[in-house]
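Take a look at this one; I'll ask things after.
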Amino acid sequence: MKIAILPGDGIGPEIMNQAVKVMNALGEKFETETVPVGGAAYAAQGHPLPESTLKVAKEADAILFGAVGDFKYDTLERSLRPEQAILGLRKHLGLFANFRPAILYPELAGASSLKPEIVSGLDIMIVRELTGDIYFGQPRGVRAAPDGPFKGEREGFDTMRYTEPEIRRIAHVAFQAAQKRGKRLTSVDKANVLETFQFWRDIVTDVHKEYQDVKLDHMYVDNAAMQLVRAPKEFDVVVTGNMFGDILSDAAAMLTGSIGMLPSASLDANNKGLYEPSHGSAPDIAGKDIANPLAQILSLAMMLRYSLGKTEQADRIETAVKSVLKQGLRTVDIFEAGTTKVSTTQMGDAVVKALA
Ligand SMILES: NC(=O)c1ccc[n+]([C@@H]2O[C@H](COP(=O)([O-])OP(=O)(O)OC[C@H]3O[C@@H](n4cnc5c(N)ncnc54)[C@H](O)[C@@H]3O)[C@@H](O)[C@H]2O)c1
Ligand SMILES: CC(C)[C@H](C(=O)O)[C@@H](O)C(=O)O
Ligand SMILES: [Mg+2]
């Protein structure tokens, strides 16, 4: 079994070091290959997703990804920007189903920006479609406006689109996830305004016929954003498109205390996957050894569970994470009075020590 390790930029390498340390402490030999991606790959090889990196990712059984991006690359032409690496990997590998679980560990109730009674016991799963939508729709670009009151002026444009098979397959994934959990699925769309998302709603409703044991409801994305902070525990599984899922999962992350707590799994049709924290490269705190490595470490656990079938090892890691939180160890993003502030490295070491 081979694991591709892609640390990336910013805090990526710092948090990846902690996850690799945890993996090496499991007492099992994993074959790994570490390759550059994002800004680091652009700096070294002139492209954010070099052919050699893509090849290693394609040939691996699973990919552990850190984060990409740095504001210093924001002026590069789009195809060379670090973010194209993660978008390219998702597209090239067909990783259409993105699972972002937002779980509040009881010890972190006070770190959430919401009142403890609103978030305690929170356990929701956001299923985000990852290879379609306005992220990938063509045409896109900047041109002279072809019509309207500003005809001839420069305009930027993108295309939102979803084909029926794309909606069907993510709906199946989401219904099946709901069947394994609380049997409730909320499909989030903007059917009141957008054709793409009326179509989305119609297809999800049709797929529901095959999952009558799951209670389906539909919610507009603006209301969903509000409900997520009003009464997040009302949700069980949420399924939505690429862009809405991007935004809602960052909001859900904060309910758990910090975006540094939110792992993710991006799977293809055969459960081959890429595992990464839901957050970015956090250039504002990079190089300081203060980033929270738990989302990366929990992404490793998801990889062992979903792609490598190593449930027991995944359990060991998740239990160790709970244990360090119980011990009161906190990186700065989840720190509160009465707990012990630790660095990225110290948090990684503590998880290793807590492995049973
Ligand atoms: N999948 C990815 O690789 C990915 C995801 C999101 C953003 N990005 C990129 O990352 C760069 C920075 O973007 P951004 O600032 O909007 O989002 P970000 O997620 O990197 O950071 C947002 C805020 O959260 C904090 N934060 C993030 N992860 C943290 C952690 N593990 N521990 C403690 N604090 C943490 C950051 O310090 C920052 O204040 C951009 O180039 C963006 O495109 C990459
Ligand atoms: C970096 C960016 C392309 C990415 C996205 O928008 O999907 C990120 O925000 C994420 O959530 O993984
Ligand atoms: Mg995002």
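In listed order, ligands and their atoms are each counted from 1. Residue numbers run from 1 in the order of the sequence given. This is a predicted model, so every value here is computed, not measured.
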So side chain to side chain donor-acceptor pair (under 3.5 Å) across residues 103-119, not counting sequence neighbours, yields none
Checking side-chain polar atoms at under 3.5 Å, does E234 have a donor or acceptor matched by the opposite partner on Q227? no
How are the rings of F175 and Y211 set to each other: parallel, tilted or perpendicular (split at 30° and 60°)? parallel
Under 2.8 Å from the Mg ion (ligand 3), protein N/O/S atoms total 1
Inspect the contact between E33 and K2 and indicate whether a charged nitrogen and a carboxylate oxygen are less than 4.0 angstrom apart. yes
Do D217 and R184 sit within salt-bridge range, that is, some charged N less than 4.0 Å from a carboxylate O? no
Measuring from atom CE of M302 to atom OH of Y275, what distance do you get when rounded to the nearest 0.5 angstrom? 7.5 Å
side-chain contact (heavy atoms from CB on, under 4.5 Å) partner of S264, chosen from I126, N98, L298, L130: N98
Collect the protein residues that have a non-hydrogen atom under 4.0 Å from ligand 1 and hand them over in chain and number order. I11, F65, A67, V68, G69, D70, F71, E83, I259, G260, E276, H279, G280, S281, A282, P283, D284, I285, A291, N292, D333
Counting neighbours of CD on Q138 that are heavy atoms of other residues, nucleotides or ligands and sit closer than 6.0 Å, is the number greater than 12? yes
Check whether the side chains of R316 and Q313 place a donor and an acceptor atom closer than 3.5 Å, and report yes or no. yes
Write down the atom of S299, the atom of P277, and the distance for their closest heavy-atom approach. OG-N, 3.5 Å
To the nearest 0.5 Å, how far apart are CG in D250 and CG in L228? 11.5 Å
Donor-acceptor under 3.5 Å (K215 side chain, G182 main chain): no
Would D236 and K183 pass as an ion pair if we require N to O under 4.0 Å? no
Atom pairs, nitrogen or oxygen, ligand 2 to protein, under 3.5 angstrom:
| residue | atom | partner | partner atom | Å |
| --- | --- | --- | --- | --- |
| ligand 2 | 6 (O) | Y135 | OH | 2.5 |
| ligand 2 | 7 (O) | R90 | NH1 | 2.7 |
| ligand 2 | 7 (O) | R128 | NH1 | 3.3 |
| ligand 2 | 7 (O) | R128 | NH2 | 2.7 |
| ligand 2 | 9 (O) | D246 | OD1 | 3.2 |
| ligand 2 | 11 (O) | R100 | NH1 | 3.1 |
| ligand 2 | 11 (O) | R100 | NH2 | 3.1 |
| ligand 2 | 11 (O) | R128 | NH1 | 3.3 |
| ligand 2 | 11 (O) | D246 | OD1 | 2.9 |
| ligand 2 | 12 (O) | R90 | NH2 | 2.7 |
| ligand 2 | 12 (O) | R100 | NH2 | 3.0 |

